[in-house]
Amino acid sequence: MSIFKKKKQNVFSKIFRKKSKIEKLYYKNEEFIKYCFVSFVCTGILYLVFFLVDLITKGNYMLANFLSYTISFTILFIWDQRVFKSKPRRKKEKIAQVTSFIIIRVIGFPLDSIVLSILINKFSIGNMAAKVLGSFIMFMYNYITNKVFVFKKNKLI
């Protein structure tokens, strides 16, 4: 039996002995890459909701921004717990994490709205184009604040 384990171990060690540069890059930045993917999906949801509400309300971009922001970031919270591997065990920690997430979003929403308003009103950019540009700015704000304040590494399962 020990001979079989050795052979199996040797096969795997030969296969995975040297990682390619792409593999090294991925494993070094795995959390950020996963966050980018999850954010990309949620941004798609955000744009869809923004577009539909903006269309239905005939240009009320602030209402469209609020609804799209709320829906997409509710979904994002659930996925971010997995990306950052931070799902608290105790009820008190769960409440603290949700509260931190909401506070970060409450701070982020006016920032997002201000950026959106400036891009539309001052630079005469279309509503959807302004939303895309504003999303790039808010992406980094959200990643940093989530990593530092919401999904702390010391609260792993």
Side-chain angles (χ1 to χ4, degrees), residues 16 19-157:
F16 297 111
K19 294 179 181 175
S20 70
K21 290 181 182 181
I22 293 173
E23 285 176 303
K24 288 178 186 177
L25 179 69
Y26 174 78
Y27 288 118
K28 185 177 179 183
N29 301 299
E30 182 178 7
E31 183 181 84
F32 183 74
I33 292 167
K34 286 180 179 179
Y35 185 81
C36 288
F37 176 75
V38 167
S39 293
F40 179 75
V41 171
C42 282
T43 300
I45 294 167
L46 182 123
Y47 291 150
L48 178 64
V49 173
F50 182 84
F51 174 74
L52 292 174
V53 174
D54 190 48
L55 189 66
I56 292 167
T57 61
K58 298 179 178 144
N60 188 345
Y61 65 86
M62 293 305 272
L63 177 62
N65 192 44
F66 175 75
L67 290 176
S68 63
Y69 199 84
T70 303
I71 292 168
S72 68
F73 286 116
T74 301
I75 295 166
L76 187 62
F77 174 76
I78 295 164
W79 286 348
D80 279 354
Q81 283 183 325
R82 292 181 182 189
V83 168
F84 290 107
K85 297 175 183 157
S86 177
K87 191 172 179 185
R89 291 183 216 162
R90 295 186 201 122
K91 188 174 183 175
K92 183 178 179 181
E93 292 171 345
K94 289 178 185 179
I95 292 169
Q97 190 178 61
V98 169
T99 303
S100 298
F101 188 80
I102 291 170
I103 289 169
I104 295 300
R105 296 302 169 215
V106 166
I107 293 168
F109 178 70
L111 292 173
D112 188 38
S113 297
I114 289 168
V115 168
L116 186 63
S117 183
I118 289 170
L119 290 172
I120 291 170
N121 296 323
K122 299 284 183 192
F123 295 103
S124 301
I125 297 174
N127 291 1
M128 280 305 288
K131 189 65 185 163
V132 170
L133 290 173
S135 293
F136 286 119
I137 296 167
M138 293 309 297
F139 172 80
M140 287 313 295
Y141 164 81
N142 290 325
Y143 178 74
I144 292 167
T145 55
N146 277 334
K147 188 170 180 67
V148 174
F149 298 112
V150 181
F151 302 107
K152 299 173 185 169
K153 285 293 183 189
N154 60 353
K155 300 207 177 190
L156 299 177
I157 285 183

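Because only heavy atoms are used, hydrogens play no part in the values below, and waters and symmetry mates are left out as well, while side chains stay in. Only a predicted model underlies this, so the values are computations on that prediction, with no experimental measurement involved.
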Quick one: does [X]'s side chain get under 4.5 Å of [Y]'s, heavy atoms only?
X	Y	value
Lys94	Val98	no
Lys131	Asp112	yes
Tyr143	Ser39	no
Val53	Asn60	no
Val41	Trp79	yes
Phe84	Val150	no

Next on the checklist: Can you pull out every ring-ring contact (aromatic ring centres under 6.0 Å, His included) where at least one residue sits in residues 94-121? Sequence neighbours excluded, please.
Outcome noted: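 Checked against ring-ring contact (aromatic ring centres under 6.0 Å, His included) - neighbours excluded - the pairs reaching residues 94-121 are Phe66-Phe109, Tyr69-Phe109, Phe77-Phe101.
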Rounded to the nearest 0.5 Å, how far apart are [atom1] of [X] and [atom2] of [Y]?
X	Y	atom1	atom2	result
Ile71	Cys42	CD1	SG	11.5 Å
Ile75	Ile45	CD1	CD1	4.0 Å
Leu111	Arg105	CG	CZ	11.5 Å
Leu52	Thr57	CG	OG1	10.5 Å
Ile95	Ser100	CD1	OG	11.5 Å
Phe151	Gln81	CZ	CD	5.5 Å

Checklist entry - Stepwise, does the side-chain contact (heavy atoms from CB on, under 4.5 Å) test hold for Tyr35 with Asn146? => result CA-CA 10 Å; Tyr35 185 81; Asn146 277 334; 3.4 Å; yes
Checklist outcome for this item: For Pro88 and Glu93 the tightest heavy-atom approach is CB-CB, 3.3 Å
Checklist outcome for this item: Note: Ala130 and Ile120 closest approach over all heavy atoms is CB-CG1, 3.6 Å
Checklist entry - Under 4.0 Å between a Lys/Arg side-chain N and an Asp/Glu carboxylate O for Asp80 and Lys147? => result no
Item to check | Listed partners of Tyr26 passing side chain to side chain contact (heavy atoms under 4.5 Å, CB included), at least two apart | outcome: Glu30, Ile33, Lys34
Checklist entry - Within the distance-only criterion (no hydrogens, no angle test), does the side chain of Asp54 pair as donor or acceptor with the backbone N or O of Phe50 below 3.5 angstrom? => result no
Next on the checklist: Check whether Asn121 reaches the backbone of Ser117 with its side chain - one donor and one acceptor, N or O, closer than 3.5 Å.
Outcome noted: yes
Item to check | Residue list, side chain to side chain donor-acceptor pair (under 3.5 Å) with Tyr141, at least two apart or on another chain | outcome: none
Item to check | Stepwise side-chain contact (heavy atoms from CB on, under 4.5 Å) check, Phe37 with Val83 | outcome: CA-CA 10 Å; Phe37 176 75; Val83 168; over 6 Å; no
Checklist entry - Between Phe139 and Phe32, how do the two ring planes meet: parallel, tilted or perpendicular, split at 30° and 60°? => result perpendicular
